[in-house]
Amino acid sequence: MAEKSLFAMLLRSPWWISFVVVGLIVLAAGALLPKEYFVVGALAGFPIFVVGCIAAWKQLHAPNPARVAEMLEAVASMPWRSFADTLASAWARAGYSVERIHGNNAGADMRLTQGGKTTLVSAKRWKAATHGVEPLRELHAAMLASEAPAGVYVAALGQVSDNAQAFAREHGIVVLQGDAVAQLLLRQP
């Protein structure tokens, strides 16, 4: 789904906005269409109603912002081993088999397996303001070497540069940063 599409924007917005849009569509259908076409016009809002239901479900199950902020503070103060253990536990709760990868030039820190699909994870806690392309290239090289079809780059602190984001999209690497990292760590099974 395109990032700037109506559905994508409504999924990121508070759930009730979708229902307001549906209400406006129904009102417009009632005001602008002949009575015999009202139902057809009103049904045009059904896809947006479904998006509103999905957004409500996601937002209902998302951790509250205060807990997300607390988790980000905790991550910033964790030593690497604790951070890696916390990540491994979060993915294990989500049903993945987690294997730690050791070695200086591994390019990845963990191997996740679920349903026969392997995903390599590179997790960074650098206190740099911006993460560049180089660690993503290393992860991609590790993915190619181990024939893993997917990769996840976790940037616990700082932001991933636009060039690095483009590289990740181009090579099938999911980038988790900021709130997404905290939500992963807070997610319940």
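Only a predicted model underlies this, so the values are computations on that prediction, with no experimental measurement involved. Just so it is clear, the values below take in all heavy atoms, side chains as well, and ignore hydrogens, waters and symmetry mates. Along the sequence shown, residues are numbered consecutively beginning with 1.
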* To do: Give the intermediate values and the outcome of side-chain contact (heavy atoms from CB on, under 4.5 Å) for residues Leu72 and Asp179.
  => CA-CA 7 Å; Leu72 288 175; Asp179 289 357; 3.5 Å; yes

In Å and rounded to the nearest 0.5 Å, what is the [atom1] to [atom2] distance from [X] to [Y]?
| X | Y | atom1 | atom2 | value |
| --- | --- | --- | --- | --- |
| Ile25 | Leu32 | CD1 | CG | 12.0 Å |
| Leu6 | Ser13 | CG | OG | 9.0 Å |
| Arg81 | Arg100 | CZ | CZ | 6.0 Å |
| Met71 | Met78 | CE | CE | 5.5 Å |
| Leu185 | Gln183 | CG | CD | 10.5 Å |

* Would you sort out whether Thr113 and Glu99 count as a side-chain contact (heavy atoms from CB on, under 4.5 Å), showing the intermediate values? => CA-CA 8 Å; Thr113 309; Glu99 176 190 346; over 6 Å; no

Are side-chain heavy atoms of [X] and [Y] found at a separation under 4.5 Å?
| X | Y | result |
| --- | --- | --- |
| Ile173 | Met143 | yes |
| Val152 | Leu139 | no |
| Leu120 | Ser146 | yes |
| Phe19 | Ile48 | no |
| Asp109 | Ile101 | no |
| Glu134 | Arg137 | yes |
| Leu136 | Gln165 | no |

Starting from [Y], can I reach [X] by hopping between I/L/V/M/F/W/Y residues whose side chains sit under 4.5 Å apart?
| X | Y | value |
| --- | --- | --- |
| Ile17 | Val20 | yes |
| Trp80 | Val121 | yes |
| Phe46 | Leu11 | yes |
| Val21 | Val50 | yes |
| Leu10 | Trp16 | yes |

Are the side chain of [X] and the backbone of [Y] linked by a donor-acceptor contact shorter than 3.5 Å?
| X | Y | result |
| --- | --- | --- |
| Gln159 | Gln177 | no |
| Arg111 | Ser97 | no |
| His140 | Gly107 | no |

* To do: Check the surroundings of atom CD in Glu147: do more than 12 heavy atoms from other residues, nucleotides or ligands lie under 6.0 Å from it?
  =>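 At most 12 heavy atoms, drawn from other residues, nucleotides or ligands, come within 6.0 Å of this atom.
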
What pair of heavy atoms forms the shortest contact from [X] to [Y], and how long is it?
| X | Y | answer |
| --- | --- | --- |
| Val22 | Gly45 | CG2-O, 3.4 Å |
| Gly95 | Gln114 | O-NE2, 3.5 Å |
| Tyr153 | Pro135 | OH-CG, 3.5 Å |
| Met110 | Ala88 | CE-N, 4.1 Å |
| Gly52 | Trp15 | O-CB, 4.0 Å |
| Ala42 | Ala29 | N-CB, 3.7 Å |

* **side-chain contact (heavy atoms from CB on, under 4.5 Å) between Thr119 and Trp91, worked out** => CA-CA 11 Å; Thr119 302; Trp91 273 308; over 6 Å; no

* Is there a side-chain contact (heavy atoms from CB on, under 4.5 Å) between Met9 and Val51 once you walk through the steps? -> CA-CA 10 Å; Met9 288 188 295; Val51 168; over 6 Å; no

